[in-house]
Amino acid sequence: MPLNFLSTPIDYLGGVGPERAKLLRSELHVETYGDLANLFPNRYIDKTKYYKINQLVPESAQVQIVGKIVNVKTAGAGKATRLVATFADETGRMELVWFRSQKHFRDSLKINEPYVAFGKVQRYGSQYSIAHPDLELLKDHKSRKQSAMTPVYPSTEMLAKRKVTNTYIVKCMRKLFSEINGSFVETLPEDMRAHYKLVGKNDAMVNAHFPSSPEMLRASIYRLKFEELFFIQMELLLQNRIRKTKIKGYVFDLVGEKFTDFYNNHLPFQLTGAQKRVVKEIRADMGTGAHMNRLLQGDVGSGKTIVAVLTALLALDNGFQACIMAPTEILAQQHYAGVSELLERTNITVSILTGSVKTKDRRVIHEGLEDGSLDILIGTHALIEDKVKFKNLGVAIVDEQHRFGVAQRAKLWKKNDLPPHVLVMTATPIPRTLAMSLYGDLDISVIDELPPGRKEIKTVHRYDKNRLAVFKFIRDEIDLGRQVYMVYPLIEESETLDYKDLQDGYGSIVREFPLPKYNVSIVHGRMKPEDKDYEMNRFVKGETQIMVATTVIEVGVNVPNASVMIIESAERFGLSQLHQLRGRVGRGAEQSYCILMTGHKLSNDSKTRLKTMVDTTDGFQIAEVDLKLRGPGDIMGTRQSGVMDLRLADIVKDNQILALAREAAQKLLAKDIKIELPEHAGVKRVMTFLQNKKGLWKYIS
Ligand SMILES: Nc1ncnc2c1ncn2[C@@H]1O[C@H](COP(=O)(O)OP(=O)(O)OP(=O)(O)O)[C@@H](O)[C@H]1O
């Protein structure tokens with residue numbers, strides 16, 4: 001089947017006039033024959049089965065009933081005007097309802113003639129009804145062979161109102177398939193189909209719409225999902241490859257004195273297996289001559305800082321500088337303190353540049369950067385100001401990518417002849433399956449192992465009415481010398497309300513934990529940055545025992561002595577947010593606790609979230625549950641990605657197929673990177689079709 005046949009506008013299909021074509025376009029995005037063929041059923045129903053009215057139950061979904069219209073009347077007024085027909089069989093009566101009352105439609109309804117009504121039943125009081133049923137005279141219905149697996153296509157209220165019924169769409173589909181005449185061209189190579197046991201394209205298309213058996217239906221849907229995911233993977237893998245061949249990077253092939261000396265003499269601990277593996281991956285990247293763009297995912301507290309330092313040392317050993325960018329002043333300071341301590345006994349120079357650094361000190365930093373005497377610069381957005389000029393920046397390490405835009409990162413290498421390597425660190429785990437489908441242009445390293453000897457954070461869920469016991473627990477912990485976080489939600493829609501909650505909470509905490517024994521800090525988004533930092537620092541230094549805060553403390557804050565995290569209205573937080581918050585404790589040697597406080601009324605989703613938090617501390621597992629609860633739409637960055645356009649596959653539910661499709665794409669490209677072997681003609685055709693607009697092919701063919 002030539003592709004141009006499939007691009008025939010839908011108006012040309014027999015039985016589709018301009019009116020209905022317009023509706024199909026606006027409601028279902030069906031513009032062409034191809035679009036219609038790829039409009040897959042939501043489900044299938046047994047059209048050989050008929051219900052009696054007295055067999056209906058409130059849960060009956062779509063049913064077919066044979067009966068007669070015994071009368072028709074108009075009910076309601078204005079916009080609520082509707083046509084109501086009483087429909088009866090020998091067992092009872094029900095209603096058929098249309099929210100329109102054109103006279104000619106009313107007149108077309110035949111009283112006391114047998115009809116088949118099909119649709120979704122609803123019950124109002126003791127009465128069953130179907131709104132906008134598919135209605136067909138029994139004799140017409142009987143004249144066609146009915147299938148036990150009739151497809152049910154997506155529909156909208158507008159379509160139902162305008163008589164574009166399921167029966168109509170099925171009719172169009174039959175017509176289309178008889179015109180196509182069984183000749184969808186195969187897209188996947190034969191060896192791949194044999195290896196992954198995939199049915200042929202044509203059979204799959206026909207059976208997805210008009211299944212010959214349940215087994216064939218399953219096999220067809222599997223094949224079509226595989227195909228869909230396979231081509232997405234092909235695009236991602238090719239984009240990645242193009243990036244690597246097009247964008248050159250510095251070659252850091254020396255592992256010199258600085259790295260070796262630090263590694264052999266100054267490591268404060270043994271690296272975990274995962275840290276070693278990740279450092280190896282980074283070294284391999286930097287040695288190839290391609291530009292590194294790597295995402296380093298590591299759960300909270302998994303030890304990303306040491307990886308950042310070793311990466312910086314690799315740049316230094318090859319005669320380059322390094323920088324580490326953090327999203328906030330506090331985090332930049334923490335990194336600076338941590339990195340300086342690690343490098344204390346070496347002769348490597350480290351400085352910090354943030355908004356609050358004085359002009360005089362700035363000048364010294366600028367000079368050091370330009371003459372190359374400053375090796376590592378740590379800082380905030382201040383690093384990308386125009387005045388900051390590196391002599392030769394070799395690697396930029398960016399903490400928490402979503403707070404820095406790509407354009408901002410690009411500013412960093414304005415002085416370089418080549419872009420510095422980029423390592424983005426994030427503590428927000430993204431499930432592997434999602435990461436695979438999203439980040440074609442980014443390589444991913446994962447630290448999936450925590451340093452040894454960590455004590456699991458004990459997590460419990462408590463109801464508000466047990467608050468007194470929780471307060472007692474807090475007092476006991478403070479008596480032991482520990483510090484406590486108390487976090488309140490802050491969501492944009494009801495900022496005023498949240499602010500009140502926070503202030504009320506602060507008020508009651510100060511009453512419960514009075515001076516002079518207790519000192520309480522408060523931090524929230526409405527404070528000036530200087531005030532926030534001041535309050536944070538009091539807590540960091542141990543001058544206050546309790547930190548009342550909104551989620552502003554979410555990322556990266558490191559106060560090892562804080563051992564209790566209380567999260568108020570925990571049901572209002574997302575899972576990954578709860579996990580990030582919990583990660584603020586458990587950073588020292590002491591046993592740590594996380595207490596999730598809620599009221600009694602909880603939705604099922606909230607219960608699942610709380611239970612997941614109580615059951616596990618594994619960020620990746622939590623991310624998987626989060627993805628299942630929220631769907632990929634809300635997860636960072638997914639909105640812009642092609643993943644949301646999937647027709648059949650669901651990257652969460654079909655993650656096994658996704659993994660196989662990725663493997664198949666990798667194998668194919670390993671054998672035939674230009675996709676020019678004759679057996680890959682089908683793949684090439686689809687890729688060309690997909691890529692025409694983006695011009696991907698001009699790079700690889
Ligand atoms: N291999 C290791 N063995 C023992 N301790 C380690 C190891 N790696 C890191 N640590 C320690 O674990 C703590 C957490 O490390 P680090 O601050 O680098 O974590 P992180 O991944 O940046 O976490 P977060 O994203 O929560 O800030 C630090 O105190 C660090 O010294």
Inspect the contact between [Y] and [X] and indicate whether a charged nitrogen and a carboxylate oxygen are less than 4.0 angstrom apart.
X	Y	result
Glu228	Lys225	no
Glu281	Arg294	yes
Asp476	Arg482	no

Problem set entry | Residue pair Ile306, Leu271: steps toward the side-chain contact (heavy atoms from CB on, under 4.5 Å) verdict | CA-CA 9 Å; Ile306 194 78; Leu271 293 189; 4.0 Å; yes
Donor-acceptor contact present, side-chain [X] to main-chain [Y], <3.5 Å:
X	Y	result
Asp672	Ile675	yes
Arg609	Glu571	yes
His266	Thr346	no
Lys458	Tyr593	no
Asn392	Phe320	no
Lys248	Thr245	yes
Asp375	Ala322	no

Between atom [atom1] of [X] and atom [atom2] of [Y], what is the distance when rounded to the nearest 0.5 Å?
X	Y	atom1	atom2	result
Arg662	Lys667	CZ	NZ	14.0 Å
Thr380	Leu353	OG1	CG	6.5 Å
Arg454	Ser592	CZ	OG	10.0 Å
Glu624	Asp618	CD	CG	9.5 Å
Phe262	Asp317	CZ	CG	12.0 Å
Thr459	Leu610	OG1	CG	11.0 Å

Is it the case that the side chains of [Y] and [X] hold a donor-acceptor pair, with the cut-off being a distance below 3.5 Å and no angle test?
X	Y	value
Thr598	His461	yes
Glu329	Ser356	yes
Thr617	Arg582	no
Thr272	Gln275	yes
Asp285	His421	no

So do the side chains of [X] and [Y] get within less than 4.5 Å of each other, counting heavy atoms only?
X	Y	value
Ile595	Ile567	no
Leu188	Glu227	yes
Thr550	Pro489	no
Phe259	Val309	no
Ile622	Thr616	yes
Leu660	Leu229	no
Lys607	Asn604	yes
Leu369	Gln321	yes

Problem set entry | Verdict with reasoning, Arg277 to Asp448, per salt bridge (charged side-chain N to carboxylate O under 4.0 Å, His left out) | CA-CA 10 Å; Arg277 189 189 66 235; Asp448 50 7; 3.8 Å; yes
What are the two closest heavy atoms between [X] and [Y], and how far apart are they?
X	Y	answer
Ser302	Ile447	O-CG2, 3.8 Å
Leu343	Ile348	CD1-CG2, 4.1 Å
Leu331	Pro327	CD1-CG, 3.8 Å
Tyr250	Leu393	CE1-O, 3.9 Å
Leu383	Cys323	CD1-CB, 4.0 Å
Leu648	Asp654	O-OD2, 4.2 Å

Problem set entry | Member of Phe226, Phe230, Tyr222 meeting the ring-ring contact (aromatic ring centres under 6.0 Å, His included) criterion with Tyr196 |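 Exactly one option meets the ring-ring contact (aromatic ring centres under 6.0 Å, His included) with Tyr196, and it is Phe226.
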Exercise. Per the side chain to side chain donor-acceptor pair (under 3.5 Å) rule, which among Gln483, Lys455, Glu477 passes with Ser563?
Worked result: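 Among Gln483, Lys455, Glu477, the one meeting side chain to side chain donor-acceptor pair (under 3.5 Å) with Ser563 is Glu477.
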Exercise. Any chance CD of Glu257 has more than 12 other-residue heavy atoms, nucleotides or ligands included, within less than 6.0 Å?
Worked result: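 No.
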Problem set entry | Flag if over 12 foreign heavy atoms under 6.0 Å of NZ, Lys280 |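 It does not: Lys280 NZ has 12 such atoms or fewer within range.
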Exercise. Taking it one step at a time, do Thr311 and Leu296 satisfy side-chain contact (heavy atoms from CB on, under 4.5 Å)?
Worked result: CA-CA 12 Å; Thr311 306; Leu296 173 60; over 6 Å; no
Problem set entry | Qualifying residue for side-chain contact (heavy atoms from CB on, under 4.5 Å) with Met286, from Asn318, Leu314, Leu423 |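 Single side-chain contact (heavy atoms from CB on, under 4.5 Å) partner of Met286 among Asn318, Leu314, Leu423: Leu314.
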Exercise. Where do Leu629 and Val625 land on the side-chain contact (heavy atoms from CB on, under 4.5 Å) test, with the steps shown first?
Worked result: CA-CA 6 Å; Leu629 287 179; Val625 177; 4.3 Å; yes
Problem set entry | side-chain contact (heavy atoms from CB on, under 4.5 Å) between Asp399 and Met325, worked out | CA-CA 6 Å; Asp399 193 355; Met325 295 211 291; over 6 Å; no
